[in-house]
Amino acid sequence: MTLRNGPARCADRVYHDLLTPPDALAVRREVRDFAERALAPIARELAQGEESVALFPRALFREMAGAGLFAIPFRAADQGRGLAHRVSATAVTIEELAYFSNSVAAIYDVHCILAGRTLERGSEAIRREYLAPVIAGTKIGAFATTEPLASTDLSPKALKTRAVRQGERWIVNGRKRFITNAPVADFVVCLAGTEAGPTELVIDLKAPGVSVGPPDRKLGNRAQLTADIVLENVAVPAENVIGAPGEGLRVALATLTYGRIGIAATGVGMAQSAFDQAMAHLGSREAFGRKIGAFQHWQFKMAERATQLENARNLTLKAARRMDDGVEFPEPEAAMAKSYATELAVDMARDAIQALGGYGFMRSLGADGTPYDVEAIYRDAKIAEIYEGTNEIQRLIIARTLFGKELTG
Ligand SMILES: Cc1cc2nc3c(=O)[nH]c(=O)nc-3n(C[C@H](O)[C@H](O)[C@H](O)COP(=O)(O)OP(=O)(O)OC[C@H]3O[C@@H](n4cnc5c(N)ncnc54)[C@H](O)[C@@H]3O)c2cc1C
């Protein structure tokens, strides 16, 4: 029994997709077809591999570009699809990808949302030089705020990467850490301190003075390659600033708010995937002469998880709908969706392992090579509670809307 051959999609039976706008609903169907055809056959290899440049799914990335998936989040003026509900459509795209591979969903999230949507705020020249190739898939994007000593705390004092203006260029020095796509990316949208304050700069990774470290080795999300980016006297053209110097933190936080809706969607996709695999097992495996699903313990457990899945998907769509309506920081919904859906993914993956018993703990069975996939979801899901704003910070954001910033700080 393996997901890649497809257990029943339980969401199709119990989820009434009333909240998804029609354009996003069409995208859901399209991306599901794409993922079942192009991603499902390689998802296991991506989940079980070791981090290396060879593991990056380059052929799939090209296929995603060819199918127009990178155009979903963008305006028609930038050669995007120009959808009325592009945030909702992007969220369901990410959910459908994460159902099979959280690595691929994360690659998409960073390439399109973190890098792509930041570039959307750039000048016409930046959009031509970097955003158009992001949508076409001819350049791979990365986004860097994190440093060895700064991440949750991105205050000007914590940020050590510095950019100093010299005539028509910036000279940048620093080290960024855990940067998704870095080993394969063409450019990085990078937060650096300047005299005016934190500033977003687009840096070509082929520029002299840039070096990218070897891929980090991780618990899960193996095909989502991360590495350090070291910047030593890197000259960056003055026009590669997004917005104005000093506006970088606001730009980064707006992008990360959108990103956290994407990470909420990965939580929904992973939770659904683990749920479906647990249901398939509970409906077929027998103990004491009955299907295990006949025991009320599992009926109640799955009823509870189904309710939480419903909540997680609705909350994610609500945050996306508010952003589609023009709200730049749709809080507290985005923070609620991110923390709720990602914790559900971890909890549901752990329950799925329990439901499968010893088989849940297997990568594959020695006796006959049968593959099992829920352990990989458990490994992959954990990072979603950490990146793009840890879940502690999501709670702080929610608390701020309750108590006010004067009290929470
Ligand atoms: C696989 C992976 C991919 C990543 N991709 C990227 C990327 O592409 N670009 C990028 O810039 N970064 C990326 N990151 C970095 C990621 O966003 C950070 O790891 C994350 O924000 C947490 O920062 P930190 O690891 O420095 O932990 P810290 O900031 O040191 O936090 C450690 C712990 O302290 C808690 N904490 C901190 N402040 C508070 C507080 N005020 N109240 C309560 N608790 C608090 C945190 O919640 C956390 O639990 C990635 C990380 C990983 C592992």
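Keep in mind the model is a prediction, meaning the values are calculated, not measured. When a ligand or atom number is given, it counts from 1 through the structure's own listing order. Sequence positions, counted from 1, serve as the residue numbers for this chain.
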Problem set entry | Residues in the immediate environment of ligand 1 (any heavy atom closer than 4.0 angstrom) | Phe143, Ala144, Thr145, Thr146, Ser151, Thr152, Phe178, Ile179, Thr180, Lys218, Gln224, Thr226, Ile383, Ile386, Tyr387, Glu388, Thr390, Glu392
Problem set entry | Rounded distance [0.5 Å steps], CD1 in Ile393 versus CG in Leu256 | 12.0 Å
Exercise. What's the spacing between Asn221 CG and Thr226 OG1 if we round to 0.5 Å?
Worked result: 9.5 Å
For this session: Establish, yes or no, whether a centroid distance under 6.0 Å links the rings of His111 and Phe143.
Result: no
Exercise. In chain order, what residues pass the salt bridge (charged side-chain N to carboxylate O under 4.0 Å, His left out) check against Arg162, with sequence neighbours excluded?
Worked result: none
Exercise. Is the ring centre of Phe100 less than 6.0 Å from the ring centre of Phe34?
Worked result: no
Seminar exercise, completed: Taken to the nearest 0.5 Å, the spacing of Met64 CE from Ile107 CD1 works out to 7.5 Å
